[in-house]
Amino acid sequence: MEISLVSGNGITPIPNSQSPLTRSCFPFLPFPFSATAVRPFKNSKFTVFATTTVELNETRNWQRNVPPKSSKIVSLRNKTRQSAILDVQESSDLDSALSRSGGKLKAQDLNVILRHFGKLNRWKELSQLLVGCAKAKDGYSKATELVRELKYHGLQMDSVIYGTLLSVCASNNQCQEAERYFMEMKSEGYSPNVFHYSSLINAYSVDGKYTKADELIQEMKSGGLVLNKVILTTLLKVYVRGGLFEKSRELINKLDKLGYAEDEMPYCILMDGLVKAGKVTEAKTLFDEMKNKNVKTDGYAYSIMISGFCRGGLLQDAKQLASSYEAKYDRYDIVILNTMLCAYCRAGEMDNVMKMLKKVDESAISPDWNTFHILIRYFCKEKLYILAYHTLDDMHKKGHQPEEELCSSLIHYLGKTGAHAEAFSVYNILKYSKRTMCNALHEKILHILVAGRLLKDAYIIIKDNAGSISQSATQKFAVSFMKSGNINLVNDVIKAIHSSGYKIDQKLFHMAISRYVEDSEKKDLLLQLLKWMPGQGYSVDSSTRNLILKKSHLYGCQIVAELLSKQQVVSKTKSRRTRTK
DNA sequence: CTAGGGTTAG
């Protein structure tokens, strides 16, 4: 199997290809992992991808250097407010930030801050979903805290602040809180407008609370408010989530009559609901109807149907629809591609998996986070662990952060199959992607490194993660290191495991000292160790002592005798202490 | 200055 490795800068020139600039999205791929027609990579026709890492970096730099909008016209006073906004937004201690800067803020600034926290939360939630970590303070609670502080500092809530707050609640699944603010707002004498209603209805959509949503609609009607496109579309979402498909259908007809259904969105909402409820046929009927009406579509409707077919095991239908999408739009969509790729992976159709990868290379799509994840999972399933590793490495170099769970299972398999260095590399990818790592993983990689005789790396793991490694794993590592680790590091290792709280036993000292006496050049290291021991309450036992005495002419009898007598004092004090206990 | 909207996979 031939594997082309990714070079350090993330750009991989293809050997022997027509143009030196061309490169594949999957530089590590192909070597024939399928017995079929896939030729080795260097002769492959895989063309390249438009976006190189360099270009990406340039884009990022460019984005960083974009000057702030209309900075010239920001007055001095506005600048004060701007910096006050930033101060509050970026503070970890809201209370002190508000005492500092709160006085300079106006009502609209508070809205800016609220929105900021709202968005922050969305982002954090998303990353949490990926990361699987639940520790981050969310924007919702920040927003709530802010409101509390504002009230404390004597600021009046207004209709717009309530509007923002309701939308933050709604987009953070805080339905009850949204209700509470809605009531509070009313009790303060503000009458809710269409914005407030739409946020609250949106909050109800999460759990499909259609009864409550209907009540709000009635309330709006009796209050003389117009049911606009946003309100009705949000209501549709409530019905769909609530499983009221008949009612949803009627609502779409109503939207259509009002001219609110000229794009695919409402159809997508219902189709998605139908597909998720297992009603693929009904969804397809709606899809066809939508197409017959010449409703504008950007491809979402296709995505929903294709994934629906895949989920229902109707791979042929999915494939057909995917090709008709491709034919109609003359392009390919990353979501559709991932969906099909995933379906082929699940079905174990390796040839089709390869075809999809070729498609990625031939079209202008970049593989995304999902593409990599799907592939890595699939390669793991097929026990192609090294290939999975190269895919993960490439994913990392392209700036995607792989999931911890995926990494840890890959580490496990790589370790099991003897790919110790690769396992360590995955561990490092995870470690340096700035996220929290499960503590058990340190011990896991330690075992793998010891098994692979990568003892120097193992030593670093011990040193960096003393707190999360068990005594038995430390023992196993220490024995291995004393046996065959770098002799110049033996004392360092002993000190490191000692300061991690591990009690070093005679067996280890014996092993270490045996190695020193075998090599007369390591005399200084031996003396250093003997000097260190009594200060930590350690002493050598008689057999080790004899070992040293046999060679003491090499070290200078005087020094050795002195050191050993100091140790005897330690050992006597210790045994006396033990006896009195 | 405040509102809604879809797809992968987990």
Side-chain angles (χ1 to χ4, degrees), chain A residues 85 105-115 118 126 128-132 157-171 178 181-182 185 190 192-205 213 216 220 225 227-238 240-241 255 260-261 263-276 283 287 290 297-311 318 321-322 325 333-343 345-346 356 367-378 403-406:
Chain A
I85 291 176
L105 298 173
K106 289 190 170 180
Q108 58 262 49
D109 304 334
L110 301 173
N111 278 302
V112 171
I113 295 170
L114 280 171
R115 247 200 328 275
L126 187 71
Q128 271 175 26
L129 206 73
L130 303 174
V131 178
M157 295 285 284
D158 70 5
S159 174
V160 177
I161 291 185
Y162 273 117
T164 312
L165 206 49
L166 282 170
S167 79
V168 169
C169 291
S171 48
Y181 282 120
F182 195 77
M185 186 183 92
Y190 298 106
N193 62 22
V194 65
F195 294 100
H196 302 117
Y197 278 109
S198 80
S199 284
L200 192 53
I201 294 173
N202 191 32
Y204 288 145
S205 78
L216 283 184
M220 285 184 79
L225 290 168
L227 305 182
N228 63 15
K229 186 174 166 183
V230 175
I231 292 286
L232 292 177
T233 312
T234 312
L235 184 64
L236 177 68
K237 209 175 119 189
V238 181
V240 170
R241 291 283 174 88
L255 281 161
Y260 295 160
D263 69 35
E264 60 181 338
M265 214 82 77
Y267 294 94
C268 285
I269 295 174
L270 181 51
M271 274 161 44
D272 181 48
L274 286 169
V275 152
K276 283 182 177 153
F287 177 80
M290 186 194 93
T297 144
D298 286 331
Y300 277 111
Y302 281 88
S303 288
I304 293 167
M305 279 320 300
I306 290 167
S307 76
F309 282 139
C310 288
R311 212 177 321 191
L321 204 56
Y325 173 85
D333 172 273
I334 187 65
V335 176
I336 294 178
L337 191 129
N338 285 343
T339 308
M340 293 306 296
L341 187 67
C342 184
C345 286
R346 247 188 309 193
M356 294 315 284
D368 67 359
W369 186 90
N370 264 306
T371 319
F372 285 113
H373 260 240
I374 293 166
L375 279 176
I376 295 165
R377 281 219 172 77
Y378 174 64
E403 241 171 32
E404 175 168 357
E405 233 185 81
L406 187 70

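Everything numeric in this text was worked out from a predicted model, so none of it was measured. Below, chains carry the letters A, B, ... as their sequence lines are ordered, and counting in each starts from 1. No hydrogens, no waters, no symmetry mates; every other heavy atom, side chains included, goes into these values.
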Novice: Counting side-chain heavy atoms from C-beta on, which of B:dT7, B:dG5, B:dA3 comes nearest to A:S167?
Specialist: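 Per side-chain heavy atoms of A:S167, the pick is B:dA3.
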Novice: Kindly point out which of B:dA3, B:dC1, B:dT7 is positioned nearest to the side chain of A:V335?
Specialist: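 Closest nucleotide among those given: B:dT7.
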Novice: Phosphate oxygens OP1/OP2 of B:dG5: is one of them under 4.0 Å from a side-chain N or O of A:K237?
Specialist: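 True: A:K237 side-chain N/O within range (under 4.0 Å) of B:dG5 OP1/OP2.
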Novice: Look at all strands and tell whether A:D263 reaches a base, only sugar-phosphate, or nothing, counting heavy atoms closer than 4.0 Å.
Specialist: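 Base contact - A:D263 has a heavy atom under 4.0 Å of at least one base atom.
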Novice: Measuring from the side chain of A:V160 (C-beta onward, heavy atoms only), which nucleotide among B:dA9, B:dT2, B:dT8 has the closest atom?
Specialist: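 Nearest listed nucleotide: B:dT2.
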Novice: Does OP1 or OP2 of B:dA9 have a side-chain N or O of A:R311 closer than 4.0 Å?
Specialist: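 So the side chain of A:R311 is outside the cut-off, no N or O lying under 4.0 Å from OP1 or OP2 of B:dA9.
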Novice: Between atom CD1 in A:I336 and atom C1' in B:dA9, what is the gap in whole Å?
Specialist: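 It works out to 16 Å between those atoms.
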Novice: Rounded off to whole Å, could you give me the CG-to-P distance for the A:L227 and B:dA3 pair?
Specialist: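 Computing the A:L227:CG to B:dA3:P distance gives 19 Å.
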Novice: May I have the distance from A:I306 (atom CD1) to B:dA9 (atom P), rounded to whole angstrom?
Specialist: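 Going from A:I306 (CD1) to B:dA9 (P), I get 12 Å.
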Novice: Taking CD1 from A:I304 and P from B:dA9, how many angstroms apart are they, rounded to a whole number?
Specialist: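 To the nearest whole Å, that distance equals 13 Å.
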Novice: Which one, B:dT7, B:dA3, B:dT8, comes nearest to the side chain of A:D368?
Specialist: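 Ranking B:dT7, B:dA3, B:dT8 by closest atom to the A:D368 side chain puts B:dT8 first.
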Novice: Picking from B:dG4, B:dG6, B:dT8, which would you name as closest to the side chain of A:K229?
Specialist: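 Nearest to the side chain of A:K229 among the choices is B:dG4.
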Novice: Using the test ring pair (Phe, Tyr, Trp, His ring centres under 6.0 Å), find all partners of A:Y197 that sit at least two apart in sequence or belong to another chain.
Specialist: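 In terms of ring pair (Phe, Tyr, Trp, His ring centres under 6.0 Å), with neighbours along the sequence ignored, A:Y197 is linked to A:F182.
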Novice: Any donor-acceptor pair, under 3.5 Å, between the side chain of A:T234 and the base of B:dG4, if you only look at N and O atoms?
Specialist: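 Side chain to base: no pair below 3.5 Å.
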Novice: Quick check on B:dG6: is either OP1 or OP2 less than 4.0 Å from any side-chain nitrogen or oxygen of A:K276?
Specialist: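 The answer is no; no side-chain N or O of A:K276 sits under 4.0 Å from OP1 or OP2.
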Novice: In whole angstrom, give the distance that lies between atom CG of A:L165 and atom C1' of B:dA3.
Specialist: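 For the pair A:L165 CG and B:dA3 C1', the rounded distance is 14 Å.
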Novice: Please determine, for the side chain of A:N193, which listed nucleotide (B:dG5, B:dT2, B:dT7) has the closest atom?
Specialist: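 The nucleotide sitting nearest to the side chain is B:dT2.
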Novice: Using a distance-only criterion (donor-acceptor N/O pair, under 3.5 Å, no hydrogens), is the base of B:dA3 paired with the side chain of A:N228?
Specialist: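 A donor-acceptor contact between them is present.
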Novice: Quick one: which of A:D333, A:L375, A:I374 gives a side-chain contact (heavy atoms from CB on, under 4.5 Å) with A:N338?
Specialist: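 Of all the options given, the one that passes is A:I374.
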Novice: Separation of A:L232 atom CG from B:dG5 atom P, in whole Å?
Specialist: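 Rounded to the whole Å, the gap is 14 Å.
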Novice: Hey, does A:T233 reach any base, or is it just sugar-phosphate, or nothing, if we go heavy atoms under 4.0 Å?
Specialist: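 Base, at least one base heavy atom under 4.0 Å.
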Novice: Is A:N202 close enough to B:dG5 that one of its side-chain N or O atoms is under 4.0 Å from OP1 or OP2 there?
Specialist: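 For A:N202, the contact criterion (side-chain N or O under 4.0 Å from OP1 or OP2 of B:dG5) is met.
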Novice: Excluding sequence neighbours, so at least two apart, what forms side chain to side chain contact (heavy atoms under 4.5 Å, CB included) with A:N228?
Specialist: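 Checked A:N228 against side chain to side chain contact (heavy atoms under 4.5 Å, CB included); matches are A:V194, A:V230, A:I231.
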Novice: Within less than 4.0 Å of OP1 or OP2 of B:dT8, is there a side-chain N or O belonging to A:S307?
Specialist: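 So the side chain of A:S307 is within the cut-off, an N or O lying under 4.0 Å from OP1 or OP2 of B:dT8.
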Novice: Rounding to an integer number of Å, can you tell me how far A:M305 CE sits from B:dT8 P?
Specialist: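 Rounding to the nearest Å, CE of A:M305 and P of B:dT8 are 12 Å apart.
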Novice: Testing the 3.5 Å rule here: is there a donor-acceptor pair between the side chains of A:S199 and A:N202?
Specialist: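 Judged by distance alone, the side chains do not pair up.
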Novice: Round to a whole Å and report the spacing from NE2 of A:H196 to C1' of B:dC1.
Specialist: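 To the nearest whole Å, that distance equals 12 Å.
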Novice: Between B:dG10 and A:E405, counting only base atoms on the nucleotide and side-chain atoms on the residue, is there a donor-acceptor pair under 3.5 Å?
Specialist: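 No such pair is found, so the answer is no.
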Novice: Would you give the length of the straight line joining atom CE of A:M265 to atom OG1 of A:T297, rounded to the nearest 0.5 angstrom?
Specialist: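 Between A:M265 CE and A:T297 OG1, I get 11.0 Å after rounding to 0.5 Å.
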Novice: Under 4.5 Å between any side-chain heavy atoms of A:W369 and A:E403, yes or no?
Specialist: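 Yes, close enough: below the 4.5 Å cut-off.
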